[in-house]
There are 2 protein chains.
Amino acid sequence: MGVITTTKNRAQAVVKAVATPKELLPLGQIIPGDCVEAMRSIPTASVDLVFADPPYNLQLGGDLARPDGSHVDAVTDEWDRFDSFKSYDDFTRAWLTEAKRILKPDGALWVIGSYHNIFRVGAILQDLGFWILNDIVWRKANPMPNFKGTRFTNAHETLIWASQGEKAKYHFNYRAMKTLNDELQMRSDWVLPICGGQERLKEGGTKVHPTQKPEALLYRVLLATTERGDVVLDPFFGTGTTGAVAKRLGREWIGCEREGVYRDAALKRIEKELPLDESALTTMQAGRAAPKVAFGALVEGGFLKPGTEVFDKKRRWIATVRADGSLALGKQTGSIHGLGKDLQGAPSCNGWTFWHYENGGEIKPIDAARQLYLLAVED
Amino acid sequence: MGVITTTKNRAQAVVKAVATPKELLPLGQIIPGDCVEAMRSIPTASVDLVFADPPYNLQLGGDLARPDGSHVDAVTDEWDRFDSFKSYDDFTRAWLTEAKRILKPDGALWVIGSYHNIFRVGAILQDLGFWILNDIVWRKANPMPNFKGTRFTNAHETLIWASQGEKAKYHFNYRAMKTLNDELQMRSDWVLPICGGQERLKEGGTKVHPTQKPEALLYRVLLATTERGDVVLDPFFGTGTTGAVAKRLGREWIGCEREGVYRDAALKRIEKELPLDESALTTMQAGRAAPKVAFGALVEGGFLKPGTEVFDKKRRWIATVRADGSLALGKQTGSIHGLGKDLQGAPSCNGWTFWHYENGGEIKPIDAARQLYLLAVED
DNA sequence: TAGTGGCGTGAATCTGCTT
DNA sequence: GAAGCAGATTCACGCCACT
């Protein structure tokens, strides 16, 4: 629930500004063609969030070989080639201008980039009147090394989160973020693995898109700054990570994408995605008793999916995991520790050992998932 | 040990470009007054490194004068905001232009900032021709929480490291950084505590400077990108963290600072600082660096006898060591690197790890012989 | 079967000196 | 300035084969 604006207040604000019924929006569709052209077809002040992963303008030189002689598969696609900073700036100003137009007055913008482009993007969006709320650092758990030993390992990317203006309202699910982060305020640096393994879309053994983003990143962005039913637009849709996570989290999505290959892959992918059920989506409300959990990170990382059933050893109680790492059993909700304590009427409860889940026919305490998570995340 | 340019080569390059004797520079001094004016007194191409911690401006207001000396009003409405960005940009362009002038051709620039100003600084320095080498995230171990719970905890600041241009040489102590990081490449995200405790300068219980940077940050910057004796200039000297660490590490320093209170505190502080002794500095610079060793020297020294057979790990190729340090396989000959490269059809090859030899029934890479050689030569 | 080791790979502005 | 050559250079993770 928003600390900055409540859902109720937002709804009123939107009704005042415009009244674009959702039926008029191309929800769940990927608009083909150039993203600026595509966005022109979207009504003014109709979208709650824009998430953009624009080309980075990498300006790579020749080929790069690893110390073992193998070849680095670089981003050489036509869509990342610009003549100059000037032409990249023009392109950036054009799509950011459209993004600002289609966003609701209390909508927000996310952009991700690297040092090649993010300073230009940040300065231009400030010039256009966007108001930066945070810059977020995605610290990659497993970045590519610097093979030649010439610089520091490029181990992070930067996201900018911005509202429509200095005085504009925006939406931040403070409580859900705090729950997700073991009851500590969520910081501006997020440690997440890069996209690989089963999650990485491949066609005949080769990656479909060179820069597919991890779903955990979008999960956190959407959980932090949108509500259920909000409309999220991604002007550089690619293979549809934004759409897939939006659908899972019960958000509406719109994509823009030039390349047919990416559009096809994205639609196929999102088709397979299942929305989480109602109880899993209900995140912790602001002001409620603080759930004392580190559990949220497991949910976010996909180690335990929202909607998973967890139960005590004797199966007296069966609860459901929700998107922010809280548990629900009927009308009772709480952290893994708090709910276990309440149900038993005990003075305290270690949720890690109390709750169990089933995995491949095997019943394990959720602490097992924590161990897996720790193994995966450990620096 | 420089990877990008060796100390010897740099010295030659500098002599060619200009010949500003260090005696003509105000080493170990803080130039009073406006930083742009102060930098104008420094000769062109005379400084090895500029480290800058400029005012972050914007919301702070007041602390910033336009280049023409007029005062910038506090940020209130849209026009003022634009005006504020404009004047901040002018100010930034002015001091960056001077910094570029006084830097040697193989010199480098560091700037630190937050999301309020770093995007403008980054875009402008790119426009001026600086070439970004890395953006570095200083991840604060103990940041101030976001008390209102309206955003993510602002837990990092951003540094930009840039050379004079795309083709310009620069200096990076790769080996020293790797040593500092437990033999793993140093990443672009640095976890360091904020400045506090004994290190924080206080006068009558209150901090002397609001944004004093931790010495560990400067330590890493100077160790990574300067050599002993290099000249480091800090145009926003404040209470002299740059000078203190420079003195400790045996680097020369120059400061610019408007405020007399800061100048006095800085001079007093640096006075107390003691340079590390010769041996400590030598060790740190070289790290565990392996000085370049010609394979021929090993043969010459009898560590590998001519006629010895060397082979790759899978024994696909077996070559013979010749008296001049070259290898021969049938009619093919070449250096340890070149022959390995040709045989594999690879773009490059590190012969030290590719080739192996047998010694007392044990198979070792020829790099092992290099280590023995180094041990023997050191004494 | 659980554990181990080899191999592939990820948004990368990725060499320097001599001829 | 282009070409050629000597020399230096990688971390974490997922998958699969093998023990």
Side-chain angles (χ1 to χ4, degrees), chain A residues 53-77 79-80 112-118 138 140-158 193-200 202 205-207 209-214 238 375-379, chain B residues 1-6 8-9 12-13 126 131-135 162-163 166-167 169-170 172 174-175 178 181 183-188 289-296 313-314 325-326 334-342 348-354 367:
Chain A
D53 181 12
Y56 286 7
N57 188 23
L58 285 185
Q59 305 173 258
L60 300 180
D63 283 351
L64 180 63
R66 301 167 199 271
D68 67 3
S70 67
H71 179 254
V72 175
D73 186 18
V75 179
T76 53
D77 305 65
W79 49 254
D80 194 44
I112 182 168
S114 67
Y115 67 84
H116 308 85
N117 71 324
I118 199 66
W138 167 27
K140 301 182 185 182
N142 48 346
M144 196 187 309
N146 182 295
F147 296 115
K148 303 296 186 197
T150 56
R151 304 181 180 188
F152 298 96
T153 303
N154 205 349
H156 74 275
E157 294 187 20
T158 302
I194 61 177
C195 180
Q198 291 297 319
E199 189 185 323
R200 187 90 195 200
K202 297 199 174 172
T206 60
K207 52 192 179 191
H209 194 284
T211 71
Q212 188 181 336
K213 294 292 176 289
L375 284 175
V377 169
E378 245 172 30
D379 282 343
Chain B
M1 174 71 58
V3 171
I4 307 308
T5 56
T6 65
K8 191 178 159 195
N9 292 330
Q12 289 172 343
Q126 285 182 314
W131 192 250
I132 297 180
L133 298 166
N134 278 115
D135 61 333
S163 69
E166 179 176 1
K167 300 272 160 57
K169 292 189 195 310
Y170 59 94
F172 180 51
Y174 175 75
R175 180 40 65 183
K178 193 167 177 178
N181 195 39
E183 284 307 300
L184 291 177
Q185 287 189 339
M186 186 69 80
R187 297 167 41 117
S188 58
K292 286 187 190 181
V293 175
F295 181 66
K313 217 187 263 177
K314 296 181 181 171
S326 62
S335 70
I336 54 171
H337 310 295
L339 186 61
K341 176 176 72 104
D342 294 342
S348 68
C349 167
N350 180 354
W352 293 111
T353 52
F354 179 74
D367 192 49

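Labels below follow one simple rule: chain letters A, B, ... track the order of the sequence lines, proteins then strands, and each chain is numbered from 1.
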>> Looking at B:Y174, I'd like to know whether one of its side-chain N or O atoms comes within less than 4.0 Å of OP1 or OP2 on D:dT9.
In response: no

> Taking CG from A:N146 and P from C:dA12, how many angstroms apart are they, rounded to a whole number?
Replying inline: 11 Å

> Contact class for A:G62 (heavy atom, under 4.0 Å): base, sugar-phosphate, or nothing?
Replying inline: base

> Between C:dA12 atom C1' and A:H71 atom NE2, what is the distance in whole Å?
Replying inline: 11 Å

> How do A:G196 and A:P143 order along DNA chain D: which one's closest nucleotide is nearer the 5' end?
Replying inline: A:P143

>> Output the rounded distance in Å from CE (B:M186) to P (D:dT9).
In response: 16 Å

> Between D:dT9 atom C1' and B:W352 atom CH2, what is the distance in whole Å?
Replying inline: 15 Å

>> Using atom C1' in both nucleotides, what's the gap between C:dG10 and D:dT10 to the nearest angstrom?
In response: 12 Å

> So, the side chain of B:Q185 versus the backbone of A:P145: is there a donor-acceptor pair under 3.5 Å, distance only?
Replying inline: no

>> Taking syn as a glycosidic torsion within 90° of 0 and anything else as anti, which one is D:dT10?
In response: anti

>> Which residue is it: A:R151, A:E157, A:H156? I am looking for the one with a side-chain hydrogen bond (donor to acceptor under 3.5 Å, both in side chains) to B:S188.
In response: A:H156

> Among C:dT13, C:dA11, D:dA8, which nucleotide sits nearest the side chain of A:H116?
Replying inline: C:dT13

>> Please classify the nucleic acid contact of B:K178 as base, sugar-phosphate, or nothing, using heavy-atom distances under 4.0 Å.
In response: sugar-phosphate

>> For the C1' atoms, the ones on C:dT13 and on D:dC13, what distance do you get once it is rounded to whole angstrom?
In response: 25 Å

> With a non-hydrogen cut-off below 4.0 angstrom, is A:D53 in contact with a base, only sugar-phosphate, or nothing?
Replying inline: base

>> Judged by each residue's nearest nucleotide on DNA chain C, which is more toward the 5′ side, A:K202 or A:Q59?
In response: A:K202

>> So, does A:N154 get its side chain near the phosphate of C:dT13, meaning an N or O under 4.0 Å from OP1 or OP2?
In response: yes

> Under 4.0 angstrom, heavy atoms only, what part of the nucleic acid is A:P214 near: base, sugar-phosphate, or nothing?
Replying inline: nothing

> Do the side-chain N or O atoms of A:K207 get closer than 4.0 angstrom to the phosphate oxygens (OP1, OP2) of C:dG10?
Replying inline: yes

> In dot-bracket notation, what is the pairing pattern of DNA chain C, taking Watson-Crick (N1-N3 plus N6-O4 or O6-N4) and G-U wobble (N1-O2 and O6-N3) contacts under 3.5 Å, with [ ] crossing and | for other strands?
Replying inline: .|||||||||....|||||

> Considering only the P atoms, how many Å lie between C:dC14 and D:dG7, rounded to the nearest integer?
Replying inline: 24 Å

> Looking for any heavy atom pair under 4.0 Å, which part of the strands does A:T211 touch: base, sugar-phosphate only, or nothing?
Replying inline: base

>> Between A:D68 and A:F147, is there a side-chain heavy-atom distance shorter than 4.5 Å?
In response: no

> Of all residues at least two apart in sequence or in a different chain, which pass the side chain to side chain donor-acceptor pair (under 3.5 Å) check with A:Q212?
Replying inline: none

> Checking A:K213 side chain against A:T211 main chain: does a donor-acceptor pair fall under 3.5 Å?
Replying inline: yes

> Looking at side-chain heavy atoms only, is the closest gap between B:F172 and A:T150 below 4.5 Å?
Replying inline: no

> Can any side-chain N or O of B:N181 pair as donor or acceptor with the backbone N or O of B:L184 at less than 3.5 Å?
Replying inline: yes

>> From C-beta outward on B:K169, which listed nucleotide comes closest to its side chain: C:dC14, C:dT13, C:dC17?
In response: C:dC17

> Do B:S335 and B:H337 have side-chain atoms, one donor and one acceptor, less than 3.5 Å apart?
Replying inline: no

>> Reading DNA chain C from 5' onward, which residue's closest nucleotide shows up sooner: A:W79 or A:P145?
In response: A:W79

> Hey, is the side chain of A:K140 pairing donor to acceptor with the base of C:dA11 inside 3.5 Å?
Replying inline: no

>> For a quick check of understanding: with a heavy-atom distance under 4.0 Å over all strands, which category does A:Q198 fall into, base, sugar-phosphate or nothing?
In response: sugar-phosphate

> Within the pair B:W131 and C:dT13, is there a side-chain N or O less than 4.0 Å away from OP1 or OP2?
Replying inline: no

>> Using only modelled atom types and a 3.5 angstrom limit, is any donor from either the side chain of A:R151 or the base of C:dT13 paired with an acceptor on the other?
In response: yes

> Between B:I336 and A:M144, who's closer to the 5' end of DNA chain D by nearest nucleotide?
Replying inline: B:I336

> Taking CD1 from B:I132 and P from C:dT13, how many angstroms apart are they, rounded to a whole number?
Replying inline: 11 Å

>> Between P on C:dA11 and CZ on A:F147, what's the gap in Å once rounded to a whole number?
In response: 12 Å

> Between atom CG in A:D73 and atom C1' in C:dA12, what is the gap in whole Å?
Replying inline: 12 Å

> Atom CD of B:E166 to atom P of C:dC14: distance rounded to whole Å?
Replying inline: 8 Å

> From C:dA12, C:dT9, C:dA11, pick the nucleotide closest to the side chain of A:I194?
Replying inline: C:dA11

> Looking at D:dG14, does its base get a donor-acceptor pair with the side chain of A:R200 below 3.5 Å?
Replying inline: no

>> Measuring from the side chain of A:N142 (C-beta onward, heavy atoms only), which nucleotide among D:dT10, D:dG7, D:dA12 has the closest atom?
In response: D:dA12

> With rounding to whole Å, what would you report as the distance between C:dA11 and D:dC15 at their C1' atoms?
Replying inline: 23 Å

> With sugar-phosphate meaning primed atoms plus P, OP1 and OP2, does B:L184 contact a base, only sugar-phosphate, or nothing at under 4.0 Å between heavy atoms?
Replying inline: sugar-phosphate

> Roughly how far apart are B:S163 OG and B:K169 NZ, rounded to 0.5 Å?
Replying inline: 11.5 Å

>> Does a side-chain N or O of B:Y170 approach OP1 or OP2 of C:dG16 to a distance below 4.0 Å, or not?
In response: no

> Is the backbone N or O of A:T153 less than 3.5 Å from a side-chain atom of B:R187, with the two atoms forming a donor-acceptor pair by type?
Replying inline: no

